[in-house]
Number of protein chains: 2
Amino acid sequence: MKYEAAKLKDISKALGLSVSTISRALHDSHEISEATKKMVRDYAESINYRPNPIAVSLREKRTRSIGVIIAEIANSFFSQIINGIESVAFIKGYNVIITQSLESYERELNNINFLASHSVDGCLITVSTETSNYDHITKLYKNGFPVVFFDRVVEEIKTHKISIDNFKGAYDATTELIKCGFKRIAMLANAEHLSITQERLAGYKKALTDAGCAVDNSLIKYCRHGGMIYEEVEQSMNEAMQLSNTPDAFFAASDKLTTNFVRYCTAKKIKIPDELGLIGFSNLDLTDLLVPSLSVIRQPAFEMGRIATELLIKTIEARRPIVDFERKILQPELLIRESSKKRKK
Amino acid sequence: MKYEAAKLKDISKALGLSVSTISRALHDSHEISEATKKMVRDYAESINYRPNPIAVSLREKRTRSIGVIIAEIANSFFSQIINGIESVAFIKGYNVIITQSLESYERELNNINFLASHSVDGCLITVSTETSNYDHITKLYKNGFPVVFFDRVVEEIKTHKISIDNFKGAYDATTELIKCGFKRIAMLANAEHLSITQERLAGYKKALTDAGCAVDNSLIKYCRHGGMIYEEVEQSMNEAMQLSNTPDAFFAASDKLTTNFVRYCTAKKIKIPDELGLIGFSNLDLTDLLVPSLSVIRQPAFEMGRIATELLIKTIEARRPIVDFERKILQPELLIRESSKKRKK
DNA sequence: TTGAAAGCGCTAACAA
DNA sequence: TTGTTAGCGCTTTCAA
């Protein structure tokens, strides 16, 4: 079954003009008479002619589309980023091809290879939790394929990067928990090697030491899939809650870790914040409707998508290779609600 | 800045063979000797050769990709559908291009025109709430462009359609509210002309009349953007709550209507279910964590995406035009939790 | 078993 | 102002 669309040749035959004249007329070239242009345009309109983007891409060696690799669409943080990406891509006339790694290195590899093999002009990437080898990205970048990192960036690769101030987000959250009177603050962390994990971990530790609290490594629980799988959060929580000196609050370092923390507490009938305080990263719209409402670190996700896309398109459209790469850091926002408010006993 | 990938010609030059021999060798043609094949394959591998998908598409008049038009990525129901779509597309070797209408007819038109102009081999569509004229889709379909509708289907167009049993979902939800003792059950509905709205409305009405309750049209509130905008829900709710005989429960007919209903009640300090009972359509993972936990109608979204994609790929790969179109109806699931449990006073 | 050449739909350099 | 032609990277028919 095939769909036969009109092509230049069809118009050319119908009007008795050459294909190049049609092409030029449709591109409003100055070397075509107004009369011809009008005739061509009217006819093209009447048969609903659309240039074949595949042919144009082949010719122009560009697709006017950009690729995106995110971890998971079903995650508010990423879907808000996508909205930011689309908002500028739309204006600039680029199409967006979204792919998900689902936190799998293999899928990421697959996606990036597809995208880079001339399917898109450039790529926006946040690496999967499983990714610790970056050869597949380095190779592209060395070949001149434009890549911009967002959120989970790779320091070794020199290109535009945009992330949020993860250190500050973590520092402020932890400090707030300390101020609220929590004594043993645990951290539910994402995969250990990720840039965001390291930065958030550093912020968490600094806040503790600045407040004169000791850092207890048994209170730091890594979740290899970033909390995407409930069972890993459950296991981490079980381990933490079985310590001789159990934590009295948690700092959850990602969207999914935060919601799965709440799910765990609900399942185990652990009262937030009385038994366990919580501040977590989350971009979910509903966190203020939970009971208790969640104190969260909210990331400017839409903004991040917007800026990343602007940088990527700038790179794609640059005449000469970019040497001066930008490193943008956006500020997170700490929204203090009930889950971090320790009640006096 | 451009990215130069290896092409057949490069291999041809390097090995002193013709381009056609290289092409055949890489396709494992029987007319090429094993020795040549091995040499070509090894060399291609060594330089990491990938065929240019644009050139292949132009040649083969197919792109091995499918397009998707959904309302909004940042909506659990749709993001779950996307996961279903990707799961089968991935296996069948198709790429997925996702576009959002954001409930705008203009954007939908834009997206579908882009996708249909040879960018993809076929399309999965759920129409926007604003769409009431279907000429743009009819035109494509008449030209033989494969289209499969899911969720919000268009009856006038003869093609594969997959949706859930909206009548039953609404009927069961309303009946449950009646059984729980609610007397004046209002409906928060999506845009009036949508297929899903009509079906859910019919189920709601039938449940009322079957139970001997009168249908009161002042209790049916349409939201043109399907609840995507909080203000429209707020206005509808305000109107409903100012009636002389206010409702004591709501049936919310979409994901966003359900969550924005909760948002409204929280803002106005209306207690669910004591002051207002609720059952709503929702595929959000978190509805069981809200207090009270929400009684919801859950749709098999992943499944819907999966089946829609299978039907689309079947259509794309069919040798002859399809005349027998399928109409699949999936069953929703009613999860009864606390928001619909009227307490004795 | 291999090569030459045409053609997919489009644009643009060169001719007229 | 318009037409002719080459070529983007690939597959495939026809010829050798």
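Predicted model, so just to flag it, every value in this text is computed and none were measured. Each chain gets a letter, A, B and so on, in the order the sequences are listed, and its residues count up from 1.
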Distance check needed: [N] [atom2] versus [X] [atom1], whole Å only.
X: B/Leu8; N: C/dA4; atom1: CG; atom2: P; value: 15 Å
X: A/Asp28; N: C/dT11; atom1: CG; atom2: P; value: 14 Å
X: B/His27; N: D/dT12; atom1: NE2; atom2: P; value: 7 Å
X: A/Ile22; N: D/dT2; atom1: CD1; atom2: P; value: 10 Å
X: B/Asn52; N: D/dG9; atom1: CG; atom2: P; value: 7 Å
X: A/Ile32; N: C/dT11; atom1: CD1; atom2: C1'; value: 13 Å
X: A/Asp10; N: C/dC8; atom1: CG; atom2: P; value: 11 Å
X: A/Glu60; N: D/dG9; atom1: CD; atom2: P; value: 13 Å

So which nucleotide from [options] ends up closest to the side chain of [X]?
X: A/Arg24; options: C/dG9, C/dT11, C/dA13; answer: C/dA13
X: B/Arg59; options: D/dG9, D/dG3, C/dT1; answer: D/dG9
X: A/Thr36; options: D/dT1, D/dT4, C/dT2; answer: D/dT1
X: B/Ser18; options: C/dC10, C/dT11, C/dA4; answer: C/dA4
X: B/Lys61; options: D/dC10, C/dG3, C/dG9; answer: C/dG9

Touch class at under 4.0 angstrom, heavy-atom based, for A/Ile54 against every strand present: nothing
Touch class at under 4.0 angstrom, heavy-atom based, for A/Ser57 against every strand present: nothing
B/Glu326/B/Lys328 ion pair, N-O < 4.0 Å: yes
Electrostatic pair B/Glu45-B/Lys38, nearest N-O below 4.0 angstrom: no
Residue pair A/Ile66 / A/Ile85, side-chain heavy-atom distance below 4.5 Å: yes
Student check: side-chain heavy atoms of B/Val68 and B/Val96 closer than 4.5 Å: yes
Residue pair A/His160, A/Phe150: steps toward the ring pair (Phe, Tyr, Trp, His ring centres under 6.0 Å) verdict: CA-CA 9 Å; A/His160 293 309; A/Phe150 63 94; over 10 Å; no
Is there a side-chain contact between [X] and the phosphate of [N], meaning an N or O under 4.0 Å from OP1 or OP2?
X: B/Tyr49; N: D/dG9; result: no
X: B/Ser23; N: D/dT11; result: yes
X: A/Thr21; N: D/dG3; result: yes

Side chain B/Ser33 and base C/dT2 donor-acceptor under 3.5 Å: no
Donor/acceptor link under 3.5 angstrom from A/Arg62 side chain onto base of C/dT11: no
Of B/Glu31 and A/Ala55, the one whose closest DNA chain C nucleotide lies more 5': B/Glu31
Geometric cation-pi criterion, A/Arg107 with B/Phe90: 6.0 Å, 45°: yes
